[in-house]
Enquirer: 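Take a look at this one; I'll ask things after.
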Amino acid sequence: MVMRPWDPTTMISCYARKQNHSRLSMAFQGDLNLEATELRLGLPGTGDHERRTPPVGVGVTKNNKRGLPELEDGHREESTRTTKTQVVGWPPVRSYRKNCLQPKKTESESGGGVYVKVSMDGVPYLRKIDLKLYKEYPQLLKDLEEMFKLKGGEYSEREGYNRSEFMPAYEDKDGDWMLVGDVPWNMFVTSCKRLRIMKGSEL
Amino acid sequence: MNYFPDEVIEHVFDYVTSHQDRNSISLVCKSWYRIERLSRQRVFIGNCYSISPDKVIERFPAIRSLSLKGKPHFADFNLVPYDWGGHVYPWIVAMAKSKVNLEELRLKRMVVSDESLELISSSFANFTSLVLVSCEGFTTNGLKAVAANCSLLRELDLQENEVEDHRSQWLNHFPESSTSLVTLNFSCLKGEINLAALERLVARSPNLKTLRVNRAVTLDSLQKILSWAPQLMDLGVGSFIHDPDSETFYKLKNTIVQCKSIKSLSGFLEVAPYCLPAIYPVCSNLTSLNLSYALGIPASELIKLIRHCKRLQRLWILDCIGDKGLEVVASNCKDLQELRVFPSDPFGAGNTVVTEEGLVAISFGCKKLNSLLYFCHQMTNTALITVANNCPNFVRFRLCILDPTKADPLTQQPLDEGFGAIVQSCKGLKRLSLSGLLTDKVFLYIGMYAEQLEMLSVAFAGNSDKGMIYVLNGCKKLRKLEVRDSPFGDAALLADPGKYETMRSLWMSSCEVTLGACKALARKMPMLNVEIIDDSELTVDEALCGGAPVAVTADGDDKQKVEKMYLYRTLAGPRNDAPEFVCTL
């Protein structure tokens with residue numbers, strides 16, 4: 001069986017059709033009408049006046065569409081990357097499902113922050129911080145140190161706090177006061193209701 | 001012919017329950033037709049536009065349960081424009097007017113307005129069951145009406161619908177006297193609900209067997225609800241995140257242990273992996289597990305969970321389980337009948353993916369497998385042939401290779417031989433979805449071997465009209481054919497016009513079919529509605545000239561390619577609710 005060389009423009013133009021809706025598809029047949037299938041920004045039909053008339057004397061050409069993808073890998077990846085996002089309705093995943101699997105992104109983008117009050121013993125005013133801005137404990141603790149001008153100790157995951165007068169504690173969903181740093185970060189973010197920086201003398 | 005009085009025959013017919021069987025017996029003779037139609041209580045209409053509501057009520061005056069389907073299947077993938085149709089309201093109006101004693105309504109892919117729901121709740125005193133699948137058009141206000149007025153409601157099952165949240169507190173509207181609920185599924189609702197009202201409702205519903213909640217129901221709320229319903233058999237969890245060292249979590253674990261009847265678990269719309277061990281106690285009894293919405297569970301946790309589920313018959317999972325994870329499924333879940341593996345990241349490459357290896361492993365381990373939906377990154381002919389040999393019992397086989405025209409990576413060949421093996425081996429195959437690089441040959445195989453095939457989905461496949469013709473000629477039981485982006489044109493469309501009267505519907509989009517051919521077909525076959533759908537956006541020129549979207553008409557160059565065509569057999573003639581962008585030829 002003879003393998004026909006695969007033409008990347010055919011594949012892209014296949015998908016470009018969908019992007020440029022029905023009117024351009026008529027201009028597609030026959031010779032590779034590269035202009036008509038060009039991927040570009042802009043509403044369908046802009047700048048293309050020939051869209052309604054197919055080339056004269058063209059029947060259904062089947063050869064252009066289905067070719068065997070005999071391509072170097074690099075080249076294929078480029079075209080598949082662009083095409084993957086362009087084809088309407090592919091992969092065939094219900095929009096309901098697609099929307100359900102997206103939410104984490106949009107929630108953080110739309111600023112759904114986790115704001116908790118931070119109090120420090122001996123300081124008359126409280127602060128508020130957004131836990132969603134941090135990804136790990138050291139970041140949070142560094143910020144707390146700066147915020148309250150603390151001479152804090154060092155924190156390491158293995159050894160906990162080291163030679164510090166102040167210890168950060170948090171109130172969890174059950175109302176208990178817990179030492180910051182014991183549980184995985186994500187769990188902490190979801191269960192922390194408020195923070196309190198406790199003075200060394202009480203510990 | 002009839003040696004028995006009608007009542008006896010009717011009594012015998014009571015044992016005939018499947019729609020197809022009842023349709024068959026109604027064709028035997030006039031007398032049986034009459035007896036059958038007067039006694040039929042459950043009616044299934046696969047295409048709401050194939051017949052008018054009045055005709056249905058006229059033929060089946062004793063109807064108590066109606067199932068309707070609206071939009072074509074490809075509407076699930078945004079290929080059908082929003083306002084295409086599929087409204088249930090005219091059906092409700094017709095049944096209310098004729099004083100039908102409607103008890104059950106099952107709708108799929110239909111547009112359901114709040115008005116419809118309100119009319120249902122006020123017109124049918126014995127209404128017990130509402131099942132809406134992939135529907136849209138209603139809000140929580142409509143649900144309020146159903147909750148408040150359907151005093152005998154047993155089943156409210158909302159599956160994957162698009163529902164607008166109007167903060168209607170609809171759950172509060174179940175009256176205190178409402179104690180009959182058996183199924184309550186509101187997992188698809190996006191808004192908040194009154195947790196206390198839900199608890200009270202569950203507490204006074206001793207027959208509740210299925211409860212699927214939405215994301216708004218937190219783990220601590222779930223614990224309280226479960227403590228009222230240890231008899232549950234089917235549980236859909238909402239948000240499953242909590243500090244595993246807390247008292248609440250401890251209580252939840254104990255409560256779950258009491259739920260000895262749970263056979264089906266789903267939901268996990270938000271989940272933390274470290275909370276999963278709470279469900280281990282019920283895993284050994286599970287026959288159905290749906291984790292396909294549970295993003296963020298690493299494969300290792302999924303595997304740990306699966307090891308507890310030895311009795312699974314149905315598993316829906318995300319592809320982050322990986323090939324290795326599927327090997328674990330294969331060795332643990334010997335009773336598996338249905339497997340669905342969904343893409344966790346449809347557009348990215350992803351680190352954990354599934355390939356043909358996972359599927360092959362499943363085929364070696366799960367010999368009872370009969371239903372598959374598998375999204376993967378690649379597939380080989382060898383793998384498909386192996387699967388075909390191992391699992392000859394497939395009834396539904398849907399394969400989706402994320403790159404739609406990808407060849408066999410080992411041989412660079414099309415996947416014709418692989419799918420050919422599937423249709424040849426699986427003699428009972430009723431539903432097939434193809435993907436990957438495919439030539440006309442695969443359709444030759446399908447036409448030759450897929451004798452029981454009822455539904456075929458084709459995308460980016462084939463070389464010529466011959467492909468489609470093979471299928472139309474060969475598959476005698478074909479009911480639904482849906483094709484996109486394939487080079488099938490007029491010759492294929494017009495090869496056997498009579499065939500379409502034996503089928504429910506045909507969808508062709510981005511193919512080579514011309515307007516002229518569609519017109520010719522419509523002229524030849526008056527019992528078909530041939531719809532042309534043109535939802536392309538306004539061009540800049542048209543917008544600047546203050547133009548409105550041009551209504552699609554039958555005037556136009558016959559040589560023009562038709563972007564979307566949907567045809568279906570019908571007794572009702574062209575529909576009168578078609579929007580501007582739909583033209584019935």
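A, B, ... follow the sequence lines: proteins, then strands. Residue 1 opens every chain.
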Enquirer: Please rank A:G89, A:S191, A:P92 by heavy-atom pairs under 4.5 Å with chain B and give me the top one.
Expert: A:P92

Enquirer: Under 4.5 Å heavy-atom distance to chain A, tell me which part of B:S134 shows up: side chain, backbone, both or neither.
Expert: side chain

Enquirer: Measure B:F74 against the heavy atoms of chain A and call it side chain, backbone, both or neither at under 4.5 Å.
Expert: neither

Enquirer: What is the distance from atom CG of B:N161 to atom OH of A:Y96, rounded to the nearest 0.5 Å?
Expert: 8.0 Å

Enquirer: Are the side chain of A:W90 and the backbone of B:D403 linked by a donor-acceptor contact shorter than 3.5 Å?
Expert: no

Enquirer: Specify the closest pair of heavy atoms between B:E162 and A:N99, including all atoms of both residues, with the distance to one decimal.
Expert: OE2-ND2, 4.2 Å

Enquirer: Let me see the working for B:E160 and A:C100 under side chain to side chain contact (heavy atoms under 4.5 Å, CB included), right down to the final yes or no.
Expert: CA-CA 10 Å; B:E160 300 195 350; A:C100 284; over 6 Å; no

Enquirer: Is it the case that atom CD in B:E247 sees more than 12 heavy atoms from other parts of the structure closer than 6.0 Å?
Expert: no

Enquirer: Side chain from CB out, backbone as N, CA, C, O: work out which of these in B:C275 comes under 4.5 Å of a heavy atom of chain A, or both, or neither.
Expert: neither

Enquirer: Is there a side-chain contact between A:V93 and B:F375 in this structure, where contact means two heavy atoms from C-beta onward sitting under 4.5 Å apart?
Expert: yes

Enquirer: At a 4.5 Å cut-off on heavy atoms, which part of A:T190 comes close to chain B: side chain, backbone, both, or neither?
Expert: side chain

Enquirer: For each of B:P244, B:A272, B:A491, tally heavy-atom pairs with chain A at distances under 4.5 Å, and name the one with the top tally.
Expert: B:P244

Enquirer: Select one option (side chain, backbone, both, neither) describing which atoms of A:D176 are under 4.5 Å from chain B's heavy atoms.
Expert: neither

Enquirer: Measure the NZ-CZ distance between A:K98 and B:F342 for me, rounded to the nearest 0.5 Å.
Expert: 13.0 Å

Enquirer: Does any backbone or side-chain atom of B:I401 lie under 4.5 Å from a heavy atom of chain A? Answer side chain, backbone, both or neither.
Expert: backbone

Enquirer: How long is the span from the CZ atom in A:R94 to the CG atom in B:D76, to the nearest 0.5 Å?
Expert: 4.5 Å

Enquirer: Quick one: what part of B:D220 sits under 4.5 Å from any heavy atom of chain A, side chain, backbone, both or neither?
Expert: neither

